[in-house]
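Working notes, beginning with the structure itself.
The structure presented is a predicted model; accordingly, all values stated were derived computationally and were not measured. Excluded from the calculations below are hydrogen atoms, water molecules and symmetry mates; all remaining heavy atoms, backbone and side chain alike, are included.
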Amino acid sequence: MLLKTVLLLALVAQVLVLENGLLRKPPMGWLAWERFRCNIDCNEDPKSCISEELFMEMADRLAQDGWRELGYVYLNIDDCWIGGRDAKGNLVPDRKRFPHGIAFLADYAHSLGLKLGIYEDLGNFTCMGYPGTTLDKVVQDAQTFAEWKVDMLKLDGCYSSPQERAEGYPKMAAALNATGRPIAFSCSWPAYEGGLPPKVNYTLLADICNLWRNFDDIQDSWRSVLSILDWFVAHQDVLQPVAGPGHWNDPDVLLIGNFGLSFEQARAQMALWTVLAAPLLMSTDLRTISAQNVDILQNPLMIKINQDPLGIQGRRILKEKSYIEVYLRPLVNEASAIVFFSRRTDMPYHYHSSLARLNFSSSVVYEAQDVYTGEIISGLQDKTNFTVIINPSGVVMWYLYPISKLGIPQQ
């Protein structure tokens with residue numbers, strides 16, 4: 001059976017390529033699932049149920065509170081929006097919770113300079129039991145999403161077999177492409193195959209999907225963040241090379257603004273996801289988010305690093321006995337992002353190091369800007385010793401850039 005699947009993958013790789021030119025940088029925006037789940041009781045909880053009103057209010061916040069200008073433009077519906085299928089087999093939203101339909105929501109998002117994302121599942125049912133997109137419905141549903149002027153599709157994999165996924169994900173990529181509408185394609189395919197070769201063919205995935213979920217759903221806890229980070233680090237030799245413009249690994253949404261992370265942990269997730277070139281998809285209540293969490297998510301230098309045009313995913317380069325880890329992401333113009341991350345739980349730690357220890361060139365003088373404090377550290381050379389003070393479960397993050405080479409100032 002595995003051989004048959006491999007042969008099928010080889011076949012579709014030859015004939016189906018996404019080629020939509022989208023997401024040359026990691027997508028940024030807001031997604032409903034982690035914060036609002038499948039809350040469909042609009043009588044009991046009218047402000048937090050999955051409804052037209054919820055998405056319109058989040059769209060208003062994205063447009064009015066400075067998010068859109070920073071790049072947070074995707075407004076993404078997740079599971080539990082579907083009401084069924086009509087007499088012609090077309091998907092329809094829940095009439096009570098989405099009375100004006102999805103096309104109306106798309107128009108509303110577009111009127112605010114935003115993009116609308118939607119969710120379906122390549123199986124008989126979605127993960128929460130709503131009608132799925134079976135293989136015979138792939139083309140029809142792609143056309144429906146295009147007619148609604150949707151801008152992104154997340155296609156989950158509950159209630160599907162490996163064979164159905166091997167056929168269905170490439171088929172949906174081709175169907176979306178055939179509509180003529182640019183629709184970014186988010187695939188959950190690798191997460192249902194264990195996330196690793198040989199069951200996952202990342203070369204094919206990069207041709208089929210714009211981003212993909214590799215691992216477990218994130219939950220609102222620091223433990224969940226660490227489990228995802230640990231998996232990404234353990235397999236970084238596989239995952240790091242396959243990410244790039246138009247095709248991104250997706251470690252799942254940002255928890256910042258919810259209930260499970262401390263201030264230090266929230267800053268750490270933002271920095272670590274950025275160095276991993278991850279999508280920045282928030283899943284929090286933008287109507288009530290604190291100013292402190294807004295500052296983390298709206299940090300302009302952090303966003304500049306995340307959206308770096310080279311699109312190179314970073315990796316862990318050092319793991320110290322002191323429970324300090326160092327992550328590095330190469331950036332355009334010979335710059336780098338460096339994250340010093342503490343897994344300690346006792347007290348702030350004074351971490352001593354040098355650029356030579358991080359394998360930087362001996363012929364270059366660097367300057368670093370602390371991404372969170374804005375502090376500038378000048379005159380860094382390979383043998384210059386430095387100390388960073390890292391809080392428990394926290395980070396120090398540098399934007400490091402060359403200022404001169406062999407005594408010649410950089411142009």
ring-ring contact (aromatic ring centres under 6.0 Å, His included) partners of Y366, counting only residues at least two apart: F360
Derivation and outcome, side-chain contact (heavy atoms from CB on, under 4.5 Å), residues N293 and F263: CA-CA 8 Å; N293 285 313; F263 172 68; 5.6 Å; no
Salt bridge flag under 4.0 Å for residues D346 and R344: yes
The single option from H235, R329, R316, Q313 passing side chain to side chain contact (heavy atoms under 4.5 Å, CB included) against Q240: Q313
Summary of side-chain hydrogen bond (donor to acceptor under 3.5 Å, both in side chains) pairs that have at least one residue in residues 96-106, sequence neighbours excluded: E52-H100
Test: K319 and E325 ion pair at under 4.0 Å: no
Centroid separation Y72 to Y74 less than 6.0 Å: no
Test side-chain contact (heavy atoms from CB on, under 4.5 Å) applied to L261 and Q269, step by step: CA-CA 9 Å; L261 303 188; Q269 191 198 11; 3.8 Å; yes
Stepwise side-chain hydrogen bond (donor to acceptor under 3.5 Å, both in side chains) test for E264 and S393: CA-CA 6 Å; E264 294 294 339; S393 301; over 6 Å; no
Salt bridge R85-D141, side-chain N to carboxylate O under 4.0 Å: yes
Donor on one side chain, acceptor on other, T387 and H352, under 3.5 Å: yes
Exercise: identify the closest heavy-atom pair between K171 and L135: NZ-O, 3.0 Å
Pair K154 + E120, salt bridge at N-O below 4.0 Å: no
Exceeds 12 heavy-atom contacts within 6.0 angstrom, atom CZ of F125: no
Centroid separation W398 to F386 less than 6.0 Å: yes
Ion pair check, R37 and D79, cut-off under 4.0 Å: no
Short N-O contact, D151 and R181, less than 4.0 angstrom: yes
